Chemist: 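Sharing a structure here in structure tokens format.
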Amino acid sequence: MMRHLFIALFLMMPLTAMAAGGASVPFHHETNLGNQASLQRGAKMFMNYCSGCHSLQYMRYKRIADDLEIPEEVMESNLMMTRGKINDTIQGTMPKEQAEQWFGKAPPDLSLSAREHGADWIYSFLLTFYVDESRPSGVNNLVVSNTAMPAVLAPLQGYQSLKHEEEGESEGGAHGGGHGEPQFELVQEGQLKPAEYRAAVADLTNFLVYVGEPAKLVRYSLGFKVIVFLLLFTALAYMLKKEFWRDVH
Ligand code: HEC
């Protein structure tokens, strides 16, 4: 009886997590903070493609180096695009006023962006830039319509155009008003194949989730140990119970 209850509770855990996600964006990102290589690639990508405009004002280079086990020399020589010291917080390279003048909007700090919007949102945002000649930057975005952010990852992704809505609807029209995945068409190839680009954006999203709550990394490894302990303990208790009751039956 008790065992069934435990099993039921265990099975429900991912469900509650999913319910908290609340997805209104087209793509889902499976956050994996246990994948250190992915976090390292994400950090590199952030420094190369994002830190020109966006700061991470609550994060220091040193913390990233320590948490992700990146040697400090590598951090300093390869990843620190902005001038600064290893103990500094991460500041965008472009002065705010300059950025405002160019984009009409200052690029926001991204320290807490993944916490504010959720991982699915970040992932979808970075996947859904599409060509739109009516925009000053030449692109628009499905998640943030009329975004002021240019398609900075286009060298990797290439350019895609958005196909019209009706085509998506004929597939998934059964659920009231539900849209299928948006249909994009690559009109100019980038350096990466579409699957490689999605993987790169997944790394970047992982990294931004980590940045939003670096303590999660510690909790994650602790959580794993706790679960292993609980499983061992359950097995032990079960064997003990069998041992105790053997003579009674
Ligand atoms: C050339 C400057 C520039 C670069 C480089 C850049 N961005 Fe942006 N980004 C912006 C601007 C400007 C906005 C504000 C857009 C708006 O609000 O319309 C923005 C907005 C965002 C937002 C929405 C933030 C929020 O909380 O609303 C996210 C997320 C984001 N950028 C992620 C990234 C990532 C990840 C990269 C690196 C791949 C990146 N950006 C590179 C200029 C830039």
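It should be emphasised that the depicted structure is a prediction, and the values quoted were computed from it without experimental measurement. We number each residue from 1, following the sequence as shown. In what follows, every heavy atom counts, from backbone to side chain, and hydrogens, waters and symmetry copies are set aside.
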Chemist: Can you tell me if Glu185 uses its side chain to pair, donor with acceptor, with the backbone of Lys163 under 3.5 Å?
Modeler: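 A pair under 3.5 Å: no.
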Chemist: Ser113 pairs by side chain to side chain contact (heavy atoms under 4.5 Å, CB included) with which of Leu208, Ile122, Val209?
Modeler: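 Considering Leu208, Ile122, Val209, a side chain to side chain contact (heavy atoms under 4.5 Å, CB included) with Ser113 is found only for Ile122.
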Chemist: May I ask you to decide if Gln57's main-chain N or O and Asp109's side chain share a donor-acceptor pair within less than 3.5 Å?
Modeler: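 It does hold such a pair.
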Chemist: Are Val143 and Leu112 co-members of a hydrophobic cluster defined by side-chain heavy atoms under 4.5 Å apart?
Modeler: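 No, Leu112 and Val143 fall in different hydrophobic clusters.
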Chemist: Does some side-chain heavy atom of Phe129 sit less than 4.5 Å from a side-chain heavy atom of Thr147?
Modeler: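 They are in contact (side-chain heavy atoms under 4.5 Å apart), so the answer is yes.
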Chemist: Does the side chain of Gln91 come under 3.5 Å of the side chain of Thr89 through a donor N or O and an acceptor N or O?
Modeler: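 Gln91 vs Thr89: donor-acceptor pair found between side chains.
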Chemist: Assign the ring pair Trp121 / His117 to parallel, tilted or perpendicular, where the plane angle (0 to 90°) is split at 30° and 60°.
Modeler: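 Geometry flag for His117 against Trp121: parallel rings.
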Chemist: Can you name the one residue among Met149, Gln98, Met94 that meets side chain to side chain contact (heavy atoms under 4.5 Å, CB included) with Phe103?
Modeler: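 The side chain to side chain contact (heavy atoms under 4.5 Å, CB included) with Phe103 is passed solely by Met94 among Met149, Gln98, Met94.
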Chemist: Please tell me whether Ile64 and Val74 are part of a single hydrophobic cluster in this structure, the criterion being side-chain heavy atoms less than 4.5 Å apart.
Modeler: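 Hydrophobic grouping puts Ile64 with Val74.
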Chemist: Is there a donor-acceptor contact under 3.5 Å from the side chain of Asp132 to the main chain of Gly138?
Modeler: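 Judged by distance alone, no pair lies under 3.5 Å.
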Chemist: Distance-only, no hydrogens or angles: does the Glu196 side chain make a donor-acceptor pair with backbone N or O of Lys193 under 3.5 Å?
Modeler: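 Checking the backbone N and O of Lys193 against the side chain of Glu196, a donor-acceptor pair under 3.5 Å is found.
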Chemist: If hydrophobic clusters are built by linking Ile, Leu, Val, Met, Phe, Trp and Tyr wherever their side-chain heavy atoms come under 4.5 Å apart, do Trp102 and Tyr49 end up in the same one?
Modeler: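 Unlinked, Trp102 and Tyr49 end up in two clusters.
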Chemist: Return the CZ to CZ distance between Phe27 and Arg198, rounded to the nearest 0.5 Å.
Modeler: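 Going from CZ on Phe27 over to CZ on Arg198, the span is 7.5 Å.
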Chemist: Are Leu240 and Trp245 grouped together when hydrophobic residues (ILVMFWY) are joined by side-chain heavy atoms under 4.5 angstrom apart?
Modeler: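 Yes.
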Chemist: Looking only at non-hydrogen atoms, find the nearest pair between Thr205 and Ala119 and report the distance.
Modeler: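 For Thr205 versus Ala119, the nearest heavy atoms are CG2-O, 3.5 Å.
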Chemist: Can you name the nearest heavy-atom pair linking Pro182 to Pro26, along with the distance?
Modeler: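 So the two residues come closest at CD-CB, 3.4 Å.
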Chemist: Quick one, Gln40 and Lys44 - any side-chain contact, counting heavy atoms below 4.5 Å?
Modeler: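 A side-chain contact is absent here, since even the closest heavy-atom pair is not under 4.5 Å.
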Chemist: I'd like to know whether Tyr210 forms a side-chain hydrogen bond (donor to acceptor under 3.5 Å, both in side chains) with Asp67, so could you lay out the CA-CA distance, the side-chain angles of the two residues, the decisive distance to 0.1 Å, and finally the verdict.
Modeler: CA-CA 10 Å; Tyr210 149 74; Asp67 282 353; 2.9 Å; yes
Chemist: Could you check whether His28 and Asp120, counting side-chain N and O atoms only, form a donor-acceptor pair closer than 3.5 Å?
Modeler: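 Present: a donor and an acceptor within the cut-off.
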Chemist: Using 4.0 Å as the upper bound for N to carboxylate O, is an ion pair formed by Arg219 and Glu213?
Modeler: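 Looking at Glu213 and Arg219, the cut-off is met.
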Chemist: Using every non-hydrogen atom in the two residues, find where Val211 and Pro214 come nearest and quote the distance to one decimal.
Modeler: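 Looking at all heavy atoms of both residues, the closest pair is O-CD, 3.3 Å.
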Chemist: I want to check something: taking the side chain as every heavy atom from C-beta on, are Ser55 and Ile90 in contact at a cut-off of under 4.5 Å?
Modeler: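 Heavy-atom side-chain distance check fails, nothing below 4.5 Å.
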Chemist: Show your reasoning for whether side chain to side chain contact (heavy atoms under 4.5 Å, CB included) applies to Leu153 and Met45.
Modeler: CA-CA 10 Å; Leu153 291 176; Met45 197 149 159; 4.0 Å; yes
Chemist: Could you state the interatomic distance from CG (Asp66) to CE (Met75), rounded to the nearest 0.5 Å?
Modeler: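 Here the interatomic distance stands at 9.5 Å.
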Chemist: If we only count heavy atoms from C-beta on, is the Val139 to Tyr130 side-chain gap below 4.5 Å?
Modeler: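 The answer is no; the side chains never approach within 4.5 Å.
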Chemist: Could you check whether any side-chain heavy atom of Phe46 comes within less than 4.5 Å of a side-chain heavy atom of Leu110, counting everything from C-beta outward?
Modeler: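 Yes. Closest side-chain heavy atoms under 4.5 Å.
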Chemist: Indicate yes or no: at least one non-hydrogen side-chain atom of Leu39 is less than 4.5 angstrom from one of Leu33.
Modeler: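 Side-chain contact under 4.5 Å: yes.
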Chemist: Quick check for you: to the nearest 0.5 Å, what is the distance between Arg41 atom CZ and Leu204 atom CG?
Modeler: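 Going from CZ on Arg41 over to CG on Leu204, the span is 12.0 Å.
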Chemist: Kindly say whether Asn32 contributes a backbone atom to a donor-acceptor pair with the side chain of Asn35 at under 3.5 angstrom?
Modeler: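 Side chain of Asn35 to backbone of Asn32, a donor-acceptor pair under 3.5 Å: no, none is there.
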Chemist: I'd like to know if the side chain of Arg60 and the backbone of Asn87 have a donor-acceptor N/O pair within less than 3.5 Å.
Modeler: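 At least one qualifying donor-acceptor pair exists.
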Chemist: About how many Å separate NZ of Lys62 and CD of Glu76, when rounded to the nearest 0.5 Å?
Modeler: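 These two atoms lie 10.0 Å from each other.
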Chemist: Is the number of heavy atoms from other residues, nucleotides or ligands under 6.0 Å of Glu189 CD greater than 12?
Modeler: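 For Glu189, atom CD is not crowded (no more than 12 foreign heavy atoms under 6.0 Å).
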Chemist: Flag the pair Leu217 / Leu68 as yes when at least one side-chain heavy-atom distance between them is below 4.5 Å, and no otherwise.
Modeler: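 Answer yes - side chains close enough.
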Chemist: Answer yes if Tyr197 and Val187 sit in the same cluster of Ile, Leu, Val, Met, Phe, Trp and Tyr residues linked by side chain heavy atoms under 4.5 Å apart, and no otherwise.
Modeler: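 In one cluster with Tyr197: Val187, yes.
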Chemist: For His29 and Ala202, work out which heavy atoms get closest and say how close.
Modeler: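 Smallest heavy-atom distance, with atoms named: CE1-O, 3.3 Å.
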Chemist: To the nearest 0.5 Å, tell me how far Leu162 CG sits from Asn140 CG.
Modeler: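 Taking CG in Leu162 and CG in Asn140, the distance rounds to 9.0 Å.
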Chemist: On a heavy-atom basis, which atom in Val131 and which in Glu133 lie closest, and how many Å separate them?
Modeler: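 Here Val131 and Glu133 meet closest at CG1-OE2, 3.6 Å.
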Chemist: To check you understand the geometry: which heavy-atom pair defines the closest contact between Phe207 and Leu56, and what is its length?
Modeler: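 Smallest heavy-atom distance, with atoms named: CE2-CD1, 4.1 Å.
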Chemist: Are the side chains of Glu100 and Glu97 in touch, meaning some heavy atoms are under 4.5 Å apart?
Modeler: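 SC-SC contact between Glu100 and Glu97 ruled out.
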Chemist: Answer yes or no: is there a donor N or O on one side and an acceptor on the other, between the side chain of Asp88 and the main chain of Gly84, under 3.5 Å?
Modeler: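 Not a single qualifying donor-acceptor pair exists.
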Chemist: CD of Glu72 to OG of Ser77: how many Å apart, nearest 0.5 Å?
Modeler: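 Separation between the atoms: 11.5 Å.
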